[in-house]
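Structure first, then comments.
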2 protein chains.
Amino acid sequence: AKMVSEKCLAKGSAAPGPVPKDKIRIYSMRFCPFAQRARLVLAAKGINHETVNIHLKEKPEWFLAKNPLGLVPTLETPAGEIIYESPITCDYLDEVYAGKKLLPSSPYGKAQQKMMLEHYSKVVPLFYKIPMGRRNGDDVSGLEAELKEKFGKLNEDLVKKKSKFFGGDSITMIDYMMWPWFERLAALQLEHCMDGTPELKKWTELMWEDPAVKACMHGTDTYKVFLESYAAGKPDFDYGL
Amino acid sequence: AKMVSEKCLAKGSAAPGPVPKDKIRIYSMRFCPFAQRARLVLAAKGINHETVNIHLKEKPEWFLAKNPLGLVPTLETPAGEIIYESPITCDYLDEVYAGKKLLPSSPYGKAQQKMMLEHYSKVVPLFYKIPMGRRNGDDVSGLEAELKEKFGKLNEDLVKKKSKFFGGDSITMIDYMMWPWFERLAALQLEHCMDGTPELKKWTELMWEDPAVKACMHGTDTYKVFLESYAAGKPDFDYGL
């Protein structure tokens, strides 16, 4: 999964060549939590891939030609097939590639993971609203209470299932789908929202130990710098390179 | 798929018994377009099922105990498994039951249908916003232009693919996922938005001929009465029974 340069490509850059026959390409941005979902699946399954990072403020013309929405993650296959939207890219990778299967094989097991993801998608906006509210000097205690309540439900879910992870006693797809925002919790100054949810906290501790998580992570200090640059309207996509 | 009564069950009603061993149960509402997606899949695949209609304004306690979100469609299996969110229910039914497969078998084919659905999910709100705006006496020409533009993209998709339906020359899952709002187009007074999109219009004509569509449809006059009752805040869930 090495590449010549991790630096992002912007408007005016030359388009990368065709995707090599034995690889899949991911268009990503190093600090994007949605792209990280697909990067986690690539890492967990040991999929031979190459990464092209995109300047999300000044998107290359050739990238918009491939995906008019200009979203990361986007996958491109050697046949030129384009796949986007993070859950869709993750399911695709899990279906196509051998190695550890991350989604359950039973239809009901799959449906359960999709329902959990649907619930989780209502948690995600809070990870953006709270820091933005703070920056604007708003009272965010209501939003924090909301996040704590959502964390409480996730905690309850682990307690009820008596399992370490959200799909059982080993990591499955839903854990990787939820993880990227938990990795940023300290940088977002939201760690205290887990004070009342010991099982959820334990889950984060186990997740930190996962090799795929370790392969895709950035440190809290790095996230802090990036998030600050992002909030200031000048995201430093190449920070640390 | 017959049942004793189609009348909806409300707060205070007695809970239905366990789901018979050879059936699956759908909790539905006769005029709900999301529930209709699952009803179309049940009909298209000829799945042996029973229907329990829910009073969505005064939901039965026993229904909220099964699904705290109180959404339709919800499926219940003889084992007591609960599945909700319309795309999740439809995928589940397609995976579990024999008969015509509605989703493509290839991972890329599946990913394409999921991406189309994602795009379509941005069209759906317009079917609600425009009639609501009109009711409020707002100028809805901007919203109508937006709907026409979205219809234009759908039309373009059919033209590019040179296919009758959105997944090829026969009906697949994505067609059923999109259909329910097109069935209501006349009742919503939005038919003129298809004036510039002949291939999309042709698609609706072919869809009207489909046996599953015929089995699940209501007439425009019925929708008009229901939508009027809905807009007035007193939805007549049992209209026509």
Side-chain angles (χ1 to χ4, degrees), chain A residues 19 24 34 38 41 45 47 66-71 73-98 101-122 149-150 152-153 156-157 160 173-174, chain B residues 19 24 34 38 41 45 47 66-71 73-98 101-122 149-150 152-153 156-157 160 173-174:
Chain A
V19 180
I24 189 158
F34 295 96
V41 172
K45 296 180 70 86
I47 296 169
K66 288 177 199 288
N67 177 356
L69 299 177
L71 298 169
T74 291
L75 298 175
E76 184 175 4
T77 72
E81 294 156 340
I82 297 286
I83 301 130
Y84 48 85
E85 293 289 338
S86 64
I88 304 176
T89 61
C90 293
D91 289 0
Y92 174 85
L93 292 172
D94 196 41
E95 267 204 76
V96 168
Y97 290 91
K101 281 290 164 196
L102 295 172
L103 278 171
S105 55
S106 84
Y108 180 59
K110 257 179 242 171
Q112 282 181 302
Q113 296 232 340
K114 296 292 172 198
M115 290 187 279
M116 281 189 263
L117 182 60
E118 196 59 35
H119 284 286
Y120 188 68
S121 71
K122 285 155 198 152
E149 192 228 314
K150 303 265 187 205
K153 286 209 172 139
E156 213 177 282
D157 195 25
K160 249 194 234 166
M173 188 66 91
I174 186 65
Chain B
V19 179
I24 189 158
F34 295 96
V41 172
K45 295 179 72 87
I47 296 170
K66 288 179 200 288
N67 178 356
L69 299 177
L71 298 169
T74 290
L75 298 175
E76 184 174 3
T77 70
E81 293 156 339
I82 296 288
I83 301 131
Y84 49 84
E85 293 290 339
S86 64
I88 304 176
T89 61
C90 293
D91 289 358
Y92 175 85
L93 292 172
D94 196 40
E95 267 205 75
V96 168
Y97 290 91
K101 281 289 162 194
L102 295 172
L103 276 172
S105 56
S106 86
Y108 181 57
K110 256 179 242 171
Q112 281 181 302
Q113 297 232 340
K114 296 291 170 197
M115 290 188 279
M116 282 190 262
L117 181 60
E118 196 60 34
H119 285 285
Y120 187 68
S121 71
K122 285 154 197 154
E149 193 230 312
K150 303 265 188 206
K153 288 213 168 135
E156 214 176 282
D157 194 27
K160 250 194 235 164
M173 187 65 90
I174 186 65

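Chain identifiers are assigned alphabetically (A, B, ...) following the order of the sequence lines, protein sequences preceding nucleic acid strands; residue numbering begins at 1 within each chain.
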* Please flag which part of A:E81 lies under 4.5 Å from any non-hydrogen atom of chain B: side chain, backbone, both or neither. => both

* Residues, nucleotides or ligands: over 12 heavy atoms within 6.0 Å of A:K122 NZ -> yes

* **NZ/A:K153: more than 12 non-hydrogen atoms of other groups inside 6.0 Å** => no

* To do: Using a cut-off of under 4.5 Å on heavy-atom pairs, state which of B:V96, B:D91, B:I83 scores highest against chain A.
  => B:I83

* To do: Considering non-hydrogen atoms only, spot the tightest contact between A:Y92 and B:A111 and give its length.
  => CD1-CB, 4.4 Å

* To do: Identify the two heavy atoms, one from A:Y84 and one from B:M115, that lie closest to each other, and give their separation to 0.1 Å.
  => N-SD, 3.4 Å

* To do: With a 4.5 angstrom heavy-atom cut-off, could you sort out which part of B:L69 is near chain A: side chain, backbone, both or neither?
  => side chain

* May I ask you to say whether B:K114 pairs ionically with A:E85, meaning some side-chain N is under 4.0 Å from a carboxylate O? => no

* Structure fact -> Of A:E95, A:Q112, A:K110, the largest count of non-hydrogen pairs under 4.5 angstrom with chain B goes to A:E95

